[in-house]
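Atoms within a ligand are numbered from 1 in the order they appear, just like the ligands themselves. Just so we're clear, the structure is a prediction, and the values are computed from it rather than from any experiment.
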Amino acid sequence: MPQRSKAPQTQYLTSLTQLPSRSRTKPELAILIYDRIFEKSAAEFLSHFPFKFAVTSGESLKTIESFSSFCERLSRSGFDLPARQITVVAMGGGSVGDFAGFFASVYKRGVRLVHLPTTWLAAIDSAHGGKTALNVGGAKNQIGTFYPAASTCLVRSILESSGDRQVVDAFGELVKIAIIDGGAWVDALESSRLHGSALLWKFLKPAVESKMKIVRRDPREEKGLRQVLNFGHTLGHVLAAITQGLFFALEFSHQRRLLKDASFERAMSLMAGLGLVPNPPAKALSAGDLTRALLTDKKREAAGSVTFVFLRDFGRCERKSIPVTEIVAEARRQGWAQ
Ligand SMILES: NC(=O)c1ccc[n+]([C@@H]2O[C@H](COP(=O)([O-])OP(=O)(O)OC[C@H]3O[C@@H](n4cnc5c(N)ncnc54)[C@H](O)[C@@H]3O)[C@@H](O)[C@H]2O)c1
């Protein structure tokens, strides 16, 4: 399979017109799976692809039913080429990337994959590292493969058109990877005077490289090293807000005296500088609901425990197996649960 033989290429492009040549994709040999919101705004680009399939993004796309109906659509389209000639292009946010990536990994036993992420979240995080996924019966990411793209194309004009809400969500991912990595680029991030999407574009490359540095050491999550990328996820997933999960993990690390005052303050001021503030839900979670949510999370380890990622310093995370009761007690202390 082509994408297994070489390290994935990440391209930083200013506009969509650069895509086919820079990603070495022949539109006539491609299956383009795209978020239908681009039907009009990217009509010119789409018109080059004879085999293109609009999908509705979101968690309902990542189901076995929608996967199976997509396979039938493709089969009815008359597309048929040898596997080695085919490229799947995934154009959309993380849900489209997870779905199309999974499809590419199993279609004809694996064909070339190009990611064209259109949300900042996907551009910083989900399009890199090779995880693909479908949900089963409401449980997220139960079926999936590790299937890195041959090429990931980050297109500034698309990302910049995605709106303020997406920018704020992506700041959480940017801060997460900055704190985990702690490299020199983080000093530049702290002193940057840029805002919004200009700031995200400037720090996209070091953020992606920082994630890939970790992924390369544990590409299939076999050694546990890749788990540091879950920093902030434990409560973040329960609250569906990575930024809030980061506040919880930072405070928990500080409370346990793993994280020194100076580094804690540094992380908090980095978040504040980006306008990120703790925002507990109006109605705190009940201890019972939080316990249930934590125990169904995929980071569950042994009965009653989960792997929690603590921060010791910028660039230094520590994984520990923690009884869920301790996490719930800390969430109550911090006011996230009652
Ligand atoms: N594979 C991984 O490593 C990984 C990592 C993190 C998250 N994920 C997955 O990613 C998904 C969440 O990511 P997401 O928020 O990008 O998903 P998404 O695809 O659901 O997109 C979110 C929304 O943004 C819209 N959108 C997409 N591009 C846009 C643009 N340029 N302008 C305006 N709106 C746009 C979509 O139509 C959708 O309504 C989840 O399914 C999650 O499980 C995967």
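Considering only non-hydrogen protein atoms, atom 16 (O) of ligand 1 sits nearest to Thr119 OG1, 2.6 Å. Counting only heavy atoms of the protein, atom 24 (O) of ligand 1 lies nearest to Gln166 NE2, 3.0 Å. Looking at atom 20 (O) of ligand 1, its nearest protein heavy atom turns out to be Ser95 OG, 3.3 Å. Regarding atom 5 (C) of ligand 1, its nearest protein heavy-atom neighbour is Ser126 CB, 3.4 Å. Nearest protein heavy-atom neighbour of atom 29 (C) of ligand 1: Ile37 CD1, 3.6 Å. If you check which protein heavy atom lies closest to atom 12 (C) of ligand 1, you get Gly94 CA, 4.2 Å. Of all protein heavy atoms, the one lying nearest to atom 41 (O) of ligand 1 is Glu59 OE2, 2.6 Å.
Ligand-side atoms of ligand 1 in range of Ser57: 19 (O), 36 (C), 37 (O), 38 (C), 39 (O), range being under 4.0 angstrom from any heavy atom. Heavy-atom proximity to Asp125, at under 4.0 Å, picks out these atoms of ligand 1: 5 (C), 6 (C). Within ligand 1, the atoms closer than 4.0 Å to a non-hydrogen atom of Asp35 are 27 (C), 36 (C), 37 (O), numbered from 1 in the order shown. Against a heavy-atom cut-off of under 4.0 Å, Thr118 is close to the following atoms of ligand 1: 27 (C), 28 (N), 29 (C), 30 (C), 31 (N). Less than 4.0 angstrom separates some heavy atom of Lys131 from each of these atoms of ligand 1: 1 (N), 3 (O). Heavy-atom proximity to Leu121, at under 4.0 Å, picks out these atoms of ligand 1: 15 (O). With ligand atoms numbered from 1 in the order given, ligand 1 contributes 40 (C), 41 (O), 42 (C), 43 (O) to contacts under 4.0 Å with heavy atoms of Lys140. Of all atoms in ligand 1, listed by their number and element, those nearer than 4.0 Å to a heavy atom of Gly58 are 20 (O).
Contacts of Phe99 with ligand 1, taken as heavy-atom pairs under 4.0 Å, are absent altogether. The proximity of Thr132 to ligand 1, defined as any non-hydrogen pair under 4.0 Å, does not occur for either the backbone or the side chain.
Of the listed residues (Val324, Ile322, Thr325), just one forms a side chain to side chain contact (heavy atoms under 4.5 Å, CB included) with Leu294, and that residue is Val324.
Between Lys140 and Asp98, none of the side-chain N atoms (NZ, or NE/NH1/NH2) sits under 4.0 Å from a carboxylate O, so this pair counts as no salt bridge. A salt bridge links Asp181 with Lys213: at least one charged nitrogen is closer than 4.0 Å to a carboxylate oxygen. Residues Lys211 and Glu209 are not paired through a salt bridge, judged by the lack of any N-O separation under 4.0 Å between the basic side chain and the carboxylate.
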Inset, instruction - Please assess Asp313 against Ser263 for the test side chain to side chain donor-acceptor pair (under 3.5 Å), listing each intermediate value before the final yes or no. - result: CA-CA 6 Å; Asp313 201 349; Ser263 302; 2.8 Å; yes
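Ligand 1 lies out of reach of Trp120, whose nearest heavy atom is not under 4.0 Å from it. Heavy atoms of His128 come nearer than 4.0 angstrom to ligand 1 in no pair at all.
Remark: Arg217 CZ is loosely packed, at most 12 non-hydrogen atoms of other residues, nucleotides or ligands lying under 6.0 Å away.
Closest heavy-atom approach to atom 30 (C) of ligand 1 among the candidates Ser162, Gly130, Ser161: Ser162. Closest heavy-atom approach to atom 1 (N) of ligand 1 within the set Leu61, Leu229, Asp98: this belongs to Asp98.
Side-chain contact, Glu330 with Gln334: a donor N or O sits under 3.5 Å from an acceptor N or O. Ser95 and Ser57 are not linked by any side-chain donor-acceptor pair at a separation below 3.5 angstrom, with hydrogens and angles left out of the test.
For the atom pair CG of Leu174 and CE of Met271, the computed distance is 11.0 Å after rounding to the nearest 0.5 Å. With rounding to the nearest 0.5 Å, the separation of CG in Leu204 from CH2 in Trp120 is 6.0 Å.
Using cut-offs of 30° and 60° for the angle between ring planes, the Phe248 and Phe252 rings count as tilted.
In this structure, Phe79 is a member of the same hydrophobic cluster as Phe99, with clusters built from ILVMFWY side-chain heavy atoms closer than 4.5 Å. Taking hydrophobic clusters as Ile, Leu, Val, Met, Phe, Trp and Tyr residues chained together by side-chain heavy-atom distances below 4.5 Å, Leu250 shares a cluster with Val306.
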